[in-house]
Protein chains: 2
Amino acid sequence: MILHSAKAFANAKPVEPAGPAVWAHQRQPLAFHAAGTEIYAQGERAEGLYLVTFGAVRVYRLLSDGRRQISAFHLPGEVFGFEADGTHHFFAEAIAATGLQAIKPTADADFASAVLPLAVAGLVRAQEHLLVLGRQSARERVAAFLLDMAARQGDLDEIELPMSRTDIGDYLGLTIETVSRVFSRLKETGVIRLPGLRSVVLARRNILEGMCE
Amino acid sequence: MILHSAKAFANAKPVEPAGPAVWAHQRQPLAFHAAGTEIYAQGERAEGLYLVTFGAVRVYRLLSDGRRQISAFHLPGEVFGFEADGTHHFFAEAIAATGLQAIKPTADADFASAVLPLAVAGLVRAQEHLLVLGRQSARERVAAFLLDMAARQGDLDEIELPMSRTDIGDYLGLTIETVSRVFSRLKETGVIRLPGLRSVVLARRNILEGMCE
DNA sequence: CGAGATTTTGAAAAATTTCAACATTCGTGG
DNA sequence: CCACGAATGTTGAAATTTTTCAAAATCTCG
């Protein structure tokens, strides 16, 4: 597994972020994180931002009894690590073998101009996810999740889920069993197909879309 | 009612934002919004940011069948209105008679430096609220809400809720009935007192705190 | 192939919502 | 200033959704 991951790392082509090219001079060397390893922990001093070049990241928070809420997944091309007070308020872990480029903040006002749109996009995304968690049923949550993942993977009808059912549950505010049942029901009704555990075909995308208006 | 509101407006002392004084030259005249009136709507062109000087604001999203999720309340001193793509993704309304100062964005990099911390703080707040909606029980949600409102009102033990039970429900992802029942139970058990419908005394704050670790 | 981990499925339990009725509060106008 | 009516809030009981607990099935990887 380590071998496999290292190979993926060697072959990776760094992804360019969507934003302006102002990043270039702030890039650090590519860092590799094996699946399941911590990128930062809540309470740690924040060092800056991270650009995902390959793999996937989960950002989450814990309650003292172990309940976990994943606030976001980050896929290649996305930037995460925004934190207030210079302190991390969340945990971040690699879900799969993951490549990250650290982006050091500078006092530079250009830096703020470059990252503000990213921070705002993250804010809008988080607030939209509040609607899912606060007001949608289990089925609607899963539908919204699948469509979101598809949109972030080029809007193809076949998508790969880098995360486990447990991760999906902790992102959608559901138990793993409920997630599994919804997947099964969607499969039974022909809305999706499941060629593999982590592979989903959106066979009838319009029905999924109708589920989360 | 209009008269009363206008009076409040005339007497209001604009609140200074927590951030740097870079705002000063970007301030617009104070705008008044009567209770229940729209500040902006989803889909509208975003004009800039708003500083609340008095009153309170709710920012929310709707599903097509009318379900509503309030993603944030904004109290005096707070700034809201961050939007991606130059378009509003949410609705904003005055909850009570409210004073707002518009803050026009400038291409100015100083502007980005000034608002980035505010956007990041909003992002952290939204992601923390995801934990509440995704993983906490009704009682825990209400406890977290009361403590948050207290923290934002100077951490006194008596707080004023500018919003209705319906708004609280739509913020916490609960029905109004569930919110009401939790309030009643907290009152019965002596954790809070309710001198008025919109006034809450946190009689045993440590118990509330214990509810949302 | 086989052991451990992950996922699926079922049935009972728990939490929240829904529906309905009643109580209280607020603002207006007499 | 009080009374009335509408809006808001509270309470109860049944219905629904999701969770919990338990067990079986499937997948992964060495």
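Sequence lines set the chain letters: A, B, ... in the order given, protein chains first and strands last, and positions in each chain run from 1.
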Rounded to 10°, tell me the angle between the two end axes of the helix from C:dC1-D:dG30 to C:dG30-D:dC1, each built from five pairs.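 Between the axes fitted at each end of the helix from C:dC1-D:dG30 to C:dG30-D:dC1 lies an angle of 50°.
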
Nearest-Å distance, [atom1] ([X]) to [atom2] ([N])?
X      : N      : atom1 : atom2 : value
B:L194 : C:dT25 : CG    : P     : 11 Å
B:L186 : D:dT11 : CG    : P     : 12 Å
A:L174 : D:dT17 : CG    : C1'   : 11 Å
A:R185 : C:dT7  : CZ    : C1'   : 16 Å
B:K187 : D:dG9  : NZ    : C1'   : 11 Å

Closer than 4.0 Å, any side-chain N/O of B:T178 to the OP1 or OP2 of C:dT17?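 Yes, B:T178 has a side-chain N/O under 4.0 Å of OP1/OP2 on C:dT17.
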
Just one of A:Q42, A:R45, A:H88 clears the side chain to side chain donor-acceptor pair (under 3.5 Å) bar with A:E83, so which one?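 The passing option is A:H88.
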
Rounded to the nearest 0.5 Å, what separation is found between the CD1 atom of B:I192 and the CD1 atom of B:I207?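 That separation rounds to 11.5 Å.
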
How long is the span from the CG atom in B:L202 to the CZ atom in B:R193, to the nearest 0.5 Å?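 Separation between the atoms: 10.0 Å.
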
Classify the side-chain pair B:E160/B:S199 by whether it contains a donor and acceptor separated by less than 3.5 Å.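 Present: a donor and an acceptor within the cut-off.
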
Does any donor atom in the side chain of A:E177 or A:S180 lie under 3.5 Å from an acceptor atom in the other side chain?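 There is no such pair between these side chains.
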
Got [X] and [Y] here, is their nearest side-chain heavy-atom distance under 4.5 Å?
X      : Y      : value
B:H74  : B:V59  : yes
B:F80  : B:V52  : yes
A:V57  : A:E93  : no
A:L146 : A:L186 : yes

Check if the side chain of B:R181 and the base of D:dG9 share a donor-acceptor pair of N or O atoms closer than 3.5 Å.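 When only heavy-atom distances are counted, B:R181 does not reach the base of D:dG9 through any donor-acceptor pair under 3.5 Å.
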
B:R135/A:D170 salt bridge by N-O under 4.0 Å criterion: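 B:R135 and A:D170: salt-bridged.
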
Using heavy atoms and a sub-4.0 Å distance, could you list which residues of residues 59-73 of chain A are near DNA chain D? By number, please.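 Those residues: none at all.
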
Counting only side-chain heavy atoms from C-beta out, which of C:dT9, C:dT16, D:dT11 sits nearest to B:E177?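 Closest nucleotide among those given: D:dT11.
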
Identify the pairs formed between an N or O of the protein and an N or O of nucleotides 3-8 of chain D at a distance under 3.5 Å, and give each distance.
none

Restricting to pairs with a member in residues 122-131 of chain B, which pass salt bridge (charged side-chain N to carboxylate O under 4.0 Å, His left out), not counting sequence neighbours?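 Every salt bridge (charged side-chain N to carboxylate O under 4.0 Å, His left out) pair that includes a residue of residues 122-131 of chain B, provided the two are not neighbours, is A:R61-B:E128, B:R125-B:D148.
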
Look at all strands and tell whether A:G169 reaches a base, only sugar-phosphate, or nothing, counting heavy atoms closer than 4.0 Å.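 Result for A:G169 = nothing.
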
Heavy atoms within less than 4.0 Å of DNA chain C: which residues of residues 129-149 of chain B have one? Give them sorted by number.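 Of all residues in residues 129-149 of chain B, the ones placing a heavy atom under 4.0 Å from DNA chain C are B:S137, B:A138.
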
Report the C-alpha distance between A:Y171 and A:F73 in whole Å, list the side-chain angles of each, state the deciding distance to 0.1 Å, and finish with yes or no for ring-ring contact (aromatic ring centres under 6.0 Å, His included). CA-CA 8 Å; A:Y171 177 66; A:F73 295 116; 4.8 Å; yes

Please evaluate residues B:E209 and B:R204 with respect to the criterion salt bridge (Lys or Arg N to Asp or Glu O under 4.0 Å), reporting the C-alpha separation (whole Å), side-chain torsions for both, the decisive distance (0.1 Å), and the verdict. CA-CA 9 Å; B:E209 285 162 354; B:R204 306 181 65 185; over 6 Å; no

Under the side chain to side chain contact (heavy atoms under 4.5 Å, CB included) test, residues paired with B:L197 that sit two or more places apart: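 Side chain to side chain contact (heavy atoms under 4.5 Å, CB included) check on B:L197 returns B:R165.
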
